[in-house]
J.: 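Can you keep this structure in mind? I'll have questions shortly.
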Amino acid sequence: MDNFRCTCLNERVDNRPQFMVGSRRQGKTVLLIKQASETDGIIVCPSHHMADYIFHMARDLEYSIKQPITYDELSLYSKRRRNKEYYFDEFGIQLESIIRRALDNFERDHIKTIIIDEGSISRLNDILGELKVCNIDGKKLRLKMEICEED
């Protein structure tokens, strides 16, 4: 993914976001709260309910953050605040929603067969392989799509 470049010097800079993967209650959201507090950044999450929950969690932990926003609000919000840092919570929910909507459209439109070239899977894995992914302890991880035969 060579499209990550410094805008002023057009030099390759690794400014990709870091994806953090972990199970429930491991401290991922608390880490986002700490980072947002330190940078005056904004947490982006799936729903208003979750935004309120995170805001109250930050207050209970005695961190000062801006009111989190939803994914839907981001496009409006980011145009006004281009120099802010954004922290995405529970992005897996957003990815799941995108895939479910696409599959729902196939069902609604009575699509019977969908062809996926093996090269497409390989290219998707190339993209996933370029992501910076780690667990909560900082151990590097790699995301990968697999096609498995059923038993």
Side-chain angles (χ1 to χ4, degrees), residues 1-107 116 120-151:
M1 292 171 97
D2 287 331
N3 57 343
F4 292 96
R5 300 206 176 265
C6 172
T7 56
C8 58
L9 300 175
N10 199 28
E11 293 179 1
R12 183 150 171 53
V13 175
D14 191 3
N15 60 354
R16 296 171 292 173
Q18 179 163 318
F19 291 79
M20 186 171 300
V21 177
S23 57
R24 292 189 49 75
R25 314 246 353 127
Q26 266 194 308
K28 300 180 305 295
T29 301
V30 172
L31 181 63
L32 287 186
I33 289 169
K34 289 178 184 178
Q35 291 176 342
S37 176
E38 291 169 2
T39 64
D40 197 33
I42 299 164
I43 296 175
V44 185
C45 49
S47 68
H48 290 286
H49 176 73
M50 187 172 263
D52 290 339
Y53 173 78
I54 291 171
F55 187 72
H56 288 95
M57 179 191 292
R59 189 171 43 186
D60 291 345
L61 295 170
E62 298 181 355
Y63 285 100
S64 175
I65 64 169
K66 293 186 174 2
Q67 174 68 36
I69 61 174
T70 65
Y71 299 138
D72 294 335
E73 295 170 319
L74 179 62
S75 61
L76 300 172
Y77 199 85
S78 63
K79 290 177 184 174
R80 294 182 303 204
R81 301 188 186 246
R82 292 180 191 255
N83 296 329
K84 286 288 181 190
E85 297 201 15
Y86 295 92
Y87 300 90
F88 277 60
D89 194 38
E90 296 296 345
F91 192 64
I93 292 172
Q94 183 73 354
L95 293 176
E96 183 182 343
S97 174
I98 291 166
I99 292 169
R100 285 185 185 275
R101 278 196 307 264
L103 294 174
D104 286 346
N105 287 340
F106 292 151
E107 288 181 23
I116 300 175
S120 297
I121 300 298
S122 177
R123 287 188 301 275
L124 289 169
N125 276 330
D126 288 345
I127 292 169
L128 293 173
E130 288 289 321
L131 299 177
K132 293 190 313 186
V133 183
C134 70
N135 66 11
I136 194 77
D137 297 323
K139 180 180 177 185
K140 290 183 180 180
L141 304 174
R142 185 168 178 263
L143 298 176
K144 179 180 167 186
M145 291 181 72
E146 286 187 319
I147 298 177
C148 304
E149 292 183 21
E150 285 191 88
D151 292 332

J.: Which side-chain hydrogen bond (donor to acceptor under 3.5 Å, both in side chains) pairs, counting each pair once, include a residue from residues 22-38, with sequence neighbours left out?
T.: T29-D89
J.: In the structure I gave you, are the side-chain heavy atoms of L32 and I54 within less than 4.5 Å of one another anywhere?
T.: no
J.: Could you list the residues that satisfy side-chain contact (heavy atoms from CB on, under 4.5 Å) with L103, not counting sequence neighbours?
T.: I99, F106
J.: Identify the two heavy atoms, one from Y63 and one from I33, that lie closest to each other, and give their separation to 0.1 Å.
T.: CB-CG2, 3.7 Å
J.: Mind checking what makes side-chain contact (heavy atoms from CB on, under 4.5 Å) contact with T39, not counting sequence neighbours?
T.: E85, Y87
J.: Please tell me if the side chains of D52 and Q67 come closer than 4.5 Å, counting only heavy atoms from C-beta onward.
T.: yes
J.: Report, one line per pair, each donor and acceptor closer than 3.5 Å where one atom sits in a side chain of residues 137-144; sequence neighbours left out.
T.:
none

J.: Going by side chain to side chain donor-acceptor pair (under 3.5 Å), name the residues that satisfy it together with H49, two or more places apart in sequence or in a different chain.
T.: none
J.: Among residues at least two apart in sequence or on other chains, which ones pass ring-ring contact (aromatic ring centres under 6.0 Å, His included) with F88?
T.: Y71, F91
J.: Check the surroundings of atom CD in Q18: do more than 12 heavy atoms from other residues, nucleotides or ligands lie under 6.0 Å from it?
T.: yes
J.: How long is the straight-line distance from CD1 of I42 back to CD of E73, given to the nearest 0.5 Å?
T.: 10.5 Å
J.: Please enumerate all residues that pass side chain to side chain donor-acceptor pair (under 3.5 Å) together with D40, with sequence neighbours excluded.
T.: K66, K84
J.: With sequence neighbours excluded, tell me which residues meet side chain to side chain donor-acceptor pair (under 3.5 Å) with S47.
T.: none
J.: If the condition is side chain to side chain donor-acceptor pair (under 3.5 Å), which residues does R100 pass it with, not counting sequence neighbours?
T.: E96
J.: Could I get the full list of side-chain contact (heavy atoms from CB on, under 4.5 Å) partners for Y53, not counting sequence neighbours?
T.: M57
J.: Rounded to the nearest 0.5 Å, how far apart are CG of L124 and OG of S120?
T.: 6.5 Å
J.: In Å, rounded to the nearest 0.5 Å, how long is the span from CZ of F19 to CG of N135?
T.: 15.5 Å
J.: Please name the pair of heavy atoms, one in V44 and one in Y86, separated by the smallest distance, quoted to 0.1 Å.
T.: CG2-CD2, 3.8 Å
